[in-house]
Amino acid sequence: MGLPDGFRWGVATAAYQIEGAATEDGRGPSTWDTFAHTPGRVRDGHTGDVACDHYHRWPEDIALMGGLGVGSYRFSIAWPRVQPAGSGPVNPKGLDFYGRLVDGLLAAGIAPAATLYHWDLPQPLEDAGGWMTRDTAYRFAEFSYLAAERLADRVEMWITLNEPVVVMAYGYAFGVHAPGRTLMLDALPAAHHQLLGHGLAVNALRGRGAREIGLTNHYSPAWAATPDDQPAADAFDAFMNRLFTDPVLLGRYPEVMADASFVRSEDLTVIASPIDFLGVNYYQPTRLKKADEGPLPFDITDITEYPVTGMGWPIVPDAFLSLLRSLHSRYSLPPLYITENGCSFPDEIGTDGIVDDSSRIEFLDAHIKAMRTAIDEGIDIRGYYAWSLLDNFEWSEGYHPRFGLVHVDYETQKRTPKRSYGWYRDFIAASS
Ligand code: GBH
C-alpha cells in the first residue's frame with residue numbers, strides 16, 4: 001500500500017549535539033556544559049563547545065537537507081540561548097539564530113519541527129534543584145511561550161520534551177548524563193516535573209498559536225530473559241515506557257508512581273492536555289531479568305542473538321513493529337511521528353573518498369519496512385525522521401559514535417555525505 005498523503009520524511013538533530021558556539025551571542029551555560037567540562041564524565045573529555053559548528057554553518061547544513069529532499073527537519077531550541085538564566089529576560093540574539101534557521105528552512109521548502117527541551121537545562125535552574133523541583137515545570141512553560149511568541153507563525157510542529165525517561169534515568173537516577181545525579185528510585189520527581197512542564201507547555205503553546213503540538217518519548221520493548229523474569233520485564237516497561245505515556249494519554253500513572261507525595265491531584269489533568277501527535281523514538285529492545293541486588297526491580301542483560309550497531313545495540317526491526325502495535329493496542333493514539341530512528345557505526349572516509357556505510361542503509365531500510373507494515377495495518381503514522389543528519393556529539397560517548405547520514409571531520413568541519421545519504425535521497429524521491 002502507499003503512504004498517507006503528506007507523509008513527512010525528515011532528519012533530526014539536537015542543539016547541544018551540533019551547534020557549538022557555547023558562549024556566543026549571550027548563550028548561558030547548560031547542565032551539559034557543566035557535565036562535559038567535569039573530568040571523567042564524557043569519554044576522552046569531549047565537549048559540545050564546538051561540535052559541528054552548526055551555529056555558523058547552518059546554511060551549508062540546510063543545503064545538505066535540500067539535497068536529501070526531506071520535507072521536514074527536527075532540531076531543538078537551546079533554552080540557555082533564549083533565556084540564559086532559565087528565567088527572566090529573553091536574549092534576543094539567541095532567538096534570532098532560530099529565526100534565521102526557520103526562515104532558511106522555509107525558503108528551502110522544509111517544514112521546521114522544533115523540540116523545546118533536548119536535555120540542555122540552563123545551569124541556574126539545575127542549581128535551584130533542576131527537574132527535581134516543581135518550579136522548573138513553570139519555568140519550562142514560560143520558555144515555551146517565549147519561543148512560540150517568536151516562532152509559532154513559522155514552525156510547523158512543536159515537540160515539548162525529548163525522551164523525558166532518559167533525563168530521569170540517565171541524568172537523575174544513574175548519573176551517566178547531565179546533571180550526573182545518582183538518586184536511583186528517588187529520581188521519580190524528575191519524571192513528574194518534566195511531564196507537568198510538558199502539560200503546562202502544551203497550554204502555553206496553544207495560547208500562543210502553535211499549530212501541531214506533541215511530545216517525544218523513547219520506547220524500548222521489554223523482553224523477559226526467561227518466563228520467570230516476566231515481572232522484571234513488566235517493571236522495566238512501567239518505569240521506562242508507560243510512566244511517560246499513561247499519564248499523557250490515559251490521565252493516570254502506572255503503579256510505580258502511585259501515592260507519590262509530589263503529585264497533586266490536578267496535575268494529571270494538565271499532563272493529559274490533548275496533544276496533536278505523539279513522537280516515537282526507537283533504537284532497540286531491552287532484555288530484563290530479576291535483580292540480584294540493589295534498589296531496582298530489574299537487571300538489564302545482553303541480547304546476543306542479533307547483529308549489533310557500533311554502540312552494541314541489537315538490531316531488531318521486528319521489535320519496532322511490535323512496539324508500534326502495542327502502542328496502538330494499549331492507547332487511543334493521536335497520529336504518530338517516528339521522531340528518531342537510526343544507528344551508529346565507526347564510519348570512516350575510504351581512500352576513494354567514499355564513506356561506505358552499507359550497514360546503516362540496511363538498518364534504515366529494515367526499520368522503514370517495519371514502519372510501513374504498521375501503516376498498512378492501520379496505525380496512523382505521519383512521518384519518519386532519521387537520526388541523524390550529521391555525525392555529532394553523542395552525549396557521554398563524545399564524538400566517537402557516528403550516527404550521521406553525513407560524515408563530519410571535526411578538525412576541518414568538512415561534511416562528506418555517506419552512501420546512506422544517497423540511499424535516503426533516492427528512497428525519498430521514489431516514495432513521494
Ligand atoms: C536518543 O536517545 C537521543 O534523543 C539522541 O540525542 C541520541 O543522540 C540518540 O538517541 C542516539 O543515542 O546500552 O543496550 O542498554 C537514545 C536513548 C537510551 C537508546 C539508552 C539506547 C541504551 C541501550 N538511548 N539505550 S543499552
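Quick caveat: nothing in here was measured; it's all calculated off a predicted structure. Both ligands and their constituent atoms are indexed starting at 1 by order of listing.
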> Are His46 and Glu394 close enough that some pair of their side-chain heavy atoms sits under 4.5 Å apart?
Replying inline: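 A side-chain contact under 4.5 Å is absent here.
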
> Taking the six-membered ring for Trp, are the ring centroids of Trp395 and Tyr170 within less than 6.0 Å of each other?
Replying inline: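 No, they do not, as the ring centres are separated by 6.0 Å or more.
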
>> So that I know where these two stand, are Tyr16 and Trp119 an aromatic pair - ring centroids less than 6.0 Å apart?
In response: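 Ring centres of Trp119 and Tyr16 not closer than 6.0 Å.
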
>> Which protein residues come within less than 4.0 angstrom of ligand 1, counting heavy atoms only?
In response: Gln17, His118, Trp119, Asn162, Glu163, Val166, Tyr170, His218, Tyr283, Gln284, Trp313, Glu340, Trp387, Glu394, Trp395, Phe403

>> Quiz question: by atom type and distance under 3.5 Å, do the side chains of Trp131 and Tyr117 form a donor-acceptor pair?
In response: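 A donor-acceptor contact under 3.5 Å links the two side chains.
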
> Ignoring hydrogens and geometry, is there a side-chain-to-backbone donor-acceptor pair from Asp25 to Gly94 under 3.5 Å?
Replying inline: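 No, because the side chain of Asp25 does not come within donor-acceptor range (under 3.5 Å) of the backbone of Gly94.
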
> For Ala260, what residues pass the side-chain contact (heavy atoms from CB on, under 4.5 Å) criterion, not counting sequence neighbours?
Replying inline: Met257, Phe262, Val263

